[in-house]
K.L.:
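Please see the structure below; I have some questions.
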Amino acid sequence: MLPEQMLAWGYTRNCIREVMEYGTIRKQEIGAENVYDYSIGNPSIPAPDCVNEAIADLIKGDSVALHGYTTAAGLPSVRDAIAKNLNDTYDLGLTGDLFYITCGCASSIAIALRAVLFPGDEVLVNAPFFPEYRVFTEASRGVVRVVPPRDDFQIDFDALKAALGPKTKAVIINSPNNPSGMVYSEETLKELAAILREHEKAIGETVYLITDEPYRELVYDMDKTPNAMCYYDDTFICYSFSKCMSIPGERIGYLAVSPRMHDKTAVYAAVLGAGRALGYINPPSLFQRVIERTVGAHSDFSQYKINRDILTAGLRKIGYECVDPRGAFYLFAKALEPDAKAFCEHAKKYELLLVPSNDFGMTGYFRMAYCVNRDMIAKSMPAFQKLWDDYHK
Ligand code: PLP
């Protein structure tokens with residue numbers, strides 16, 4: 001006998017992986033140049049030069065020290081460098097001893113949840129959301145409650161208030177958002193903070209805000225993304241260098257506990273415990289040191305902005321309704337039938353690989369990752385036109 005839940009997660013893939021795997025097969029069958037693959041958020045621009053320069057320099061040093069174990073939470077000098085960088089940007093008063101370096105955002109979120117959840121605790125997630133939040137929550141015996149968004153994809157505060165209850169232990173937000181491309185405004189974050197503070201008072205318990213920020217610097221029409229930790233004390237920041245530095249395969253990110261979090265010393269100890277329990281100790285030592293030298297650098301996002309503008313304009317010209325993408329590298333658009341899965345299945349007829357919104361916690365939309373080759377966007381437009389025509393005969 002094996003645990004049913006593990007088998008279910010092992011056998012079923014989320015909507016993104018399902019489309020991606022189909023794409024791999026299809027590309028072998030008809031050639032990659034004939035498939036319009038918008039399925040995966042894999043950065044398509046190079047890492048900043050300083051990343052490879054740091055690697056080249058580091059490997060000249062003492063190999064034993066470079067490749068050896070580090071402290072479980074990551075090297076203190078790395079944590080200090082990241083704290084300084086965040087403080088310079090947001091003036092958060094963070095110190096290195098509140099950081100836990102992780103293998104990307106996925107492990108940061110899993111650790112934060114494992115650190116604070118008791119079985120049966122509820123975690124509010126704002127739709128549309130990254131599908132793995134459900135797995136990470138349920139793996140820690142928590143229960144997901146989905147909060148639908150407002151029409152403009154900011155948080156629907158009435159829906160949020162209705163979902164808050166005596167068992168609410170955490171709320172997860174993600175801005176810039178995968179899949180909608182929405183960025184939460186300062187007003188949204190301030191209002192969210194006020195509501196959560198009020199709820200903490202009402203139930204006499206801490207409600208943790210987990211802010212998932214792998215796309216933090218990837219914004220187009222603003223200087224910087226507003227940060228929730230500025231407005232709410234009981235906040236964990238979960239960050240990854242995957243997307244903004246174009247190094248997702250290197251598996252490096254962090255979790256930061258707010259210096260103003262209630263019981264922060266105990267919570268940080270629980271983070272250390274959760275890291276141990278999940279086996280997430282000592283993230284890659286070479287890349288910890290790379291980050292120490294390069295933190296604050298990011299890839300040149302101008303290519304994504306051009307892609308965003310071409311894709312959005314092209315689809316809108318045909319008639320598709322798109323959410324205004326302000327950050328990340330995703331376009332979220334209305335499917336042409338209520339059943340997004342059926343719509344994305346139909347799109348395969350024209351070799352368009354689109355991700356249905358169902359696993360993101362809402363129906364009726366599809367996601368396109370536009371971190372792709374520019375020529376592919378141009379070549380795919382006639383296919384989008386044919387798809388549109390099928391629904392408007
Ligand atoms: N959170 C969101 C919203 C994401 O889009 C992703 C990856 O696509 C992750 C978390 C996981 O990030 P990482 O690859 O750094 O673990």
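Start at 1 and go down the list; that is how both ligands and their atoms are numbered. Please read all numbers here as calculations on a predicted model, not as lab measurements.
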K.L.:
Regarding Asp390 and Tyr350, is there a side-chain donor-to-acceptor distance under 3.5 Å anywhere?
P.N.:
yes
K.L.:
State if Phe129 counts as touching ligand 1 under the rule of any non-hydrogen atom under 4.0 Å.
P.N.:
no
K.L.:
In terms of atom number and element, which parts of ligand 1 are under 4.0 angstrom from non-hydrogen atoms of Asn178?
P.N.:
3 (C), 4 (C), 5 (O)
K.L.:
With a distance cut-off below 6.0 Å to the six-membered ring centre and an angular limit of 45° from the axis, does Lys348 pair with Tyr22 as a cation-pi contact?
P.N.:
yes
K.L.:
If we set the cut-off at 4.0 Å for heavy atoms, which region of Glu132 has an atom near ligand 1: side chain, backbone, both, or neither?
P.N.:
neither
K.L.:
What protein heavy atom sits nearest atom 15 (O) of ligand 1, and how far away is it?
P.N.:
Ser240 OG, 2.6 Å
K.L.:
Please determine whether ring pair (Phe, Tyr, Trp, His ring centres under 6.0 Å) holds for the pair Tyr304 and Tyr220, giving the CA-CA distance in whole Å, both sets of side-chain angles, and the decisive distance to 0.1 Å.
P.N.:
CA-CA 9 Å; Tyr304 295 147; Tyr220 304 108; 7.5 Å; no
K.L.:
Show the atoms of ligand 1 that are less than 4.0 angstrom away from any heavy atom in Asn174.
P.N.:
3 (C)
K.L.:
Ring centres under 6.0 Å, that's the criterion: do His346 and Tyr391 meet it?
P.N.:
yes
K.L.:
Considering only heavy atoms of Gly104, which atoms of ligand 1 have at least one such atom less than 4.0 Å away?
P.N.:
15 (O), 16 (O)
K.L.:
Are Tyr330 and Tyr215 an aromatic pair, judged by ring center distance below 6.0 Å?
P.N.:
yes
K.L.:
May I ask you to identify the nearest protein heavy atom to atom 6 (C) of ligand 1, giving residue, atom name and distance to one decimal place in Å?
P.N.:
Phe130 CZ, 3.5 Å
K.L.:
Which label fits Tyr365 and Phe332: parallel for a plane angle under 30°, tilted from 30 to 60°, or perpendicular past 60°?
P.N.:
parallel
K.L.:
With a 3.5 Å cut-off and no angle check, do the side chains of Asn227 and Glu213 form a donor-acceptor pair?
P.N.:
yes
K.L.:
Using a strict threshold of under 4.0 Å (side-chain N to carboxylate O), is an ion pair present between Lys167 and Glu122?
P.N.:
no
K.L.:
Under 4.0 angstrom from ligand 1, any heavy atom of Pro214?
P.N.:
yes
K.L.:
Please list the nearest protein heavy atom to atom 8 (O) of ligand 1 with its residue and the distance rounded to 0.1 Å.
P.N.:
Lys243 NZ, 2.9 Å
K.L.:
Provide, to 0.1 Å, the distance between atom 12 (O) of ligand 1 and the closest protein heavy atom, together with that atom's residue and name.
P.N.:
Cys105 CB, 3.5 Å
K.L.:
Applying a 4.0 Å heavy-atom criterion (strictly less than), which segment of Ala106 is in contact with ligand 1: side chain, backbone, both, or neither?
P.N.:
both
K.L.:
What's the shortest distance from atom 3 (C) of ligand 1 to any protein heavy atom, and which residue and atom give it?
P.N.:
Asp212 OD2, 3.2 Å
K.L.:
Going by atom types only, do Thr70 and Ser285 share a side-chain donor-acceptor pair under 3.5 Å?
P.N.:
no
K.L.:
With a 4.0 Å cut-off on heavy atoms, is Arg251 touching ligand 1?
P.N.:
yes
K.L.:
For Ser242, take its heavy atoms, then give the atoms of ligand 1 lying under 4.0 Å from any of them.
P.N.:
13 (P), 14 (O), 15 (O)
